[in-house]
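What follows is a structure written as structure tokens; I'll ask about it next.
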Amino acid sequence: MIPFNKPAVTGKEITFIREAMKANRLAGDGPFSLRCSQWLERTTGTRKALLTTSCTHALEMAAMLAGIGPGDEVIMPSYTFVSTANAFALRGARIVFVDIRPDTMNLDENLLEEAVTPRTKAIVPVHYAGVGCDMAVVMKVAERHGLIVIEDAAQGLLGYYRDRPLGTIGHLGCISFHETKNIHCGEGGALFVNDPRFIERAEIIREKGTNRSRFFRGEVDKYSWEDVGSSYLLSDINAAFLYAQLLAAEELLSDRMDSWRRYEEELRGMPCSKRLERLSVPEDCRHNAHIFFVKTRDLEERTRLIAHLKENGVYSTFHYVPLHSSVAGKAYGRFHGVDRHTTRESERLVRLPLYSGMKVGHIRRVVRLIRRFYLEKGISE
Ligand SMILES: *Cc1c(COP(=O)(O)O)cnc(C)c1O
């Protein structure tokens with residue numbers, strides 16, 4: 001059996017969790033949280049990395065910080081996880097979905113400008129598979145119209161656009177440490193505050209609307225209720241787990257990258273290789289091997305390929321059902337322009353098994369099964 005995903009484990013997690021327990025300081029912003037935040041700030045250069053309970057919560061914080069309210073419009077791709085839209089719908093925003101680029105599955109930056117209206121407040125680029133959106137264009141459009149850019153970099157940690165780490169380019173960036181991501185702690189996330197004018201309020205929103213962070217730093221002699229907010233701190237037990245993963249980030253990344261490249265090489269050499277489209281990484285992006293996908297001809301072929309792999313003990317899976325086609329997507333959003341690629345490309349995409357420590361033999365087996373599937377169909381092109 002080859003699973004689709006196996007959450008990474010470095011071996012150090014349990015040591016750090018024991019250490020956290022010994023320190024007897026297990027709530028949020030304990031010693032391990034501090035280490036994780038510092039690691040993230042040092043490694044990515046973000047002004048402030050605030051650990052959160054999830055990327056979903058980081059997105060919710062970002063929506064509050066951006067001052068999103070009823071009637072405001074927020075532009076994003078429809079091909080994304082529900083949280084990207086939900087965080088803004090929760091504040092009463094109207095979601096404006098734009099089409100994606102078929103090569104990266106990221107929002108088509110050339111459609112942004114025409115989707116802007118006087119009600120537009122923010123753009124939320126999603127870096128699918130850890131491949132950067134064209135952030136130069138995104139930032140230019142945002143600047144021209146005075147919009148806030150919130151990167152959904154849930155999958156993007158250690159991916160780069162030009163020389164900039166994903167999540168650090170927009171005003172705010174949201175990272176996920178869910179167990180399905182490259183680096184994880186079961187459930188967890190981070191908000192990258194890149195624009196310093198949001199730092200103080202971000203700390204308050206994250207601490208139940210209080211200035212407790214300032215109190216702990218000794219900047220005020222008591223803390224009080226200052227603003228709206230909620231409880232978004234990651235437990236230090238999770239942070240201890242996460243810190244073990246961050247320390248091993250380079251190894252985890254290079255292992256995934258080896259697997260990713262092996263898939264690419266093996267598939268490229270296959271007789272039906274032209275039939276199966278794969279990710280083409282733009283020149284100014286360095287991805288993080290978060291997802292390896294192939295695209296079949298159509299939905300019907302995809303269904304059969306996934307079934308064929310499963311019959312042979314390999315778990316592959318499709319990905320997002322476009323949000324604009326969902327019940328909530330219709331209630332809270334609208335699709336701007338024509339859906340040329342979103343539905344069609346999402347119906348063709350299959351994600352192949354990819355996880356840290358994946359055996360070379362297993363990758364070869366997956367590729368052999370794909371080859372057999374197309375040979376049986378009599379397809380060699
Ligand atoms: C995983 C993911 C999220 C949500 O992350 P959680 O930490 O599970 O809340 C949001 N957006 C995208 C694009 C994701 O891949």
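Sequential numbering from 1 along the given sequence is applied to the chain's residues. The structure presented is a predicted model; accordingly, all values stated were derived computationally and were not measured. Any value given below was found using the heavy atoms of this structure, including those in side chains, with hydrogens, waters and symmetry copies removed. Read the numbers this way: they start at 1 and go in the same order the structure lists the ligands and their atoms.
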| request: Check ligand 1 against Gln155 and write out every atom of the ligand that is under 4.0 Å from a heavy-atom position of the residue. | output: 13 (C), 15 (O)
| note | Under 4.0 Å from one or more heavy atoms of Gly188, ligand 1 contributes atoms 7 (O)
| message | Applying salt bridge (charged side-chain N to carboxylate O under 4.0 Å, His left out) to Arg261 and Glu265, what does each step give before you reach the verdict? | response | CA-CA 6 Å; Arg261 291 204 183 106; Glu265 273 161 32; over 6 Å; no
| task | Enumerate the atoms of ligand 1 whose separation from the nearest heavy atom of Cys55 is less than 4.0 angstrom. | result | 4 (C), 5 (O), 6 (P), 7 (O), 9 (O)
| request: Can you establish whether the number of heavy atoms outside Glu250 located under 6.0 Å from its atom CD is more than 12? | output: no
| said: For atom 6 (P) of ligand 1, which of the options Ser176, Pro77, Ala87, Ala129 provides the nearest non-hydrogen atom? | reply: Ser176
| note | ligand 1 to Val126, heavy atom cutoff 4.0 Å, flagged ligand atoms 13 (C)
| Looking only at N/O atoms, are Ser83 and ligand 1 under 3.5 Å apart anywhere? | no
| request: Considering non-hydrogen atoms only, spot the tightest contact between Ser213 and Glu207 and give its length. | output: OG-CG, 3.7 Å
| Think Arg201 forms a cation-pi with Phe198, using NZ or CZ under 6.0 Å from the six-ring centre and within 45 degrees of its axis? | no
| field | pair Glu345-Arg340: side-chain heavy atoms closer than 4.5 Å | value | no
| Any idea which part of Lys181 is under 4.0 Å from ligand 1, heavy-atom wise: side chain, backbone, both or neither? | side chain
| query | What are the atoms of ligand 1, with element, lying closer than 4.0 Å to any heavy atom of Thr56? | reply | 4 (C), 6 (P), 9 (O)
| Axial cation check for Tyr160 ring with Arg286, 6.0 Å and 45° limits | yes
| query | What atoms of ligand 1 come closer than 4.0 angstrom to any heavy atom of Ser54? | reply | 7 (O), 9 (O)
| Does Asn194 reach the main-chain N or O of Gly167 with its side chain, forming a donor-acceptor pair under 3.5 Å? | yes
| note | The closest protein heavy-atom partner of atom 3 (C) of ligand 1 is Phe81 CD2, 3.5 Å
| said: Just to confirm my output: which protein heavy-atom neighbour is closest to atom 14 (C) of ligand 1, and how far is it? | reply: Ala154 CB, 3.3 Å
| query | What is the nearest protein non-hydrogen atom to atom 11 (N) of ligand 1, stated with its residue, atom name and distance? | reply | Asp152 OD2, 2.8 Å
| Are any of the side-chain nitrogens in Asp284 or Arg162 under 4.0 Å away from the carboxylate oxygens of its partner? | yes
| Side chain, backbone, both or neither: which part of Tyr320 has a heavy atom under 4.0 Å from ligand 1? | side chain
| query | Does Lys12 NZ have over 12 foreign heavy atoms under 6.0 Å away? | reply | no
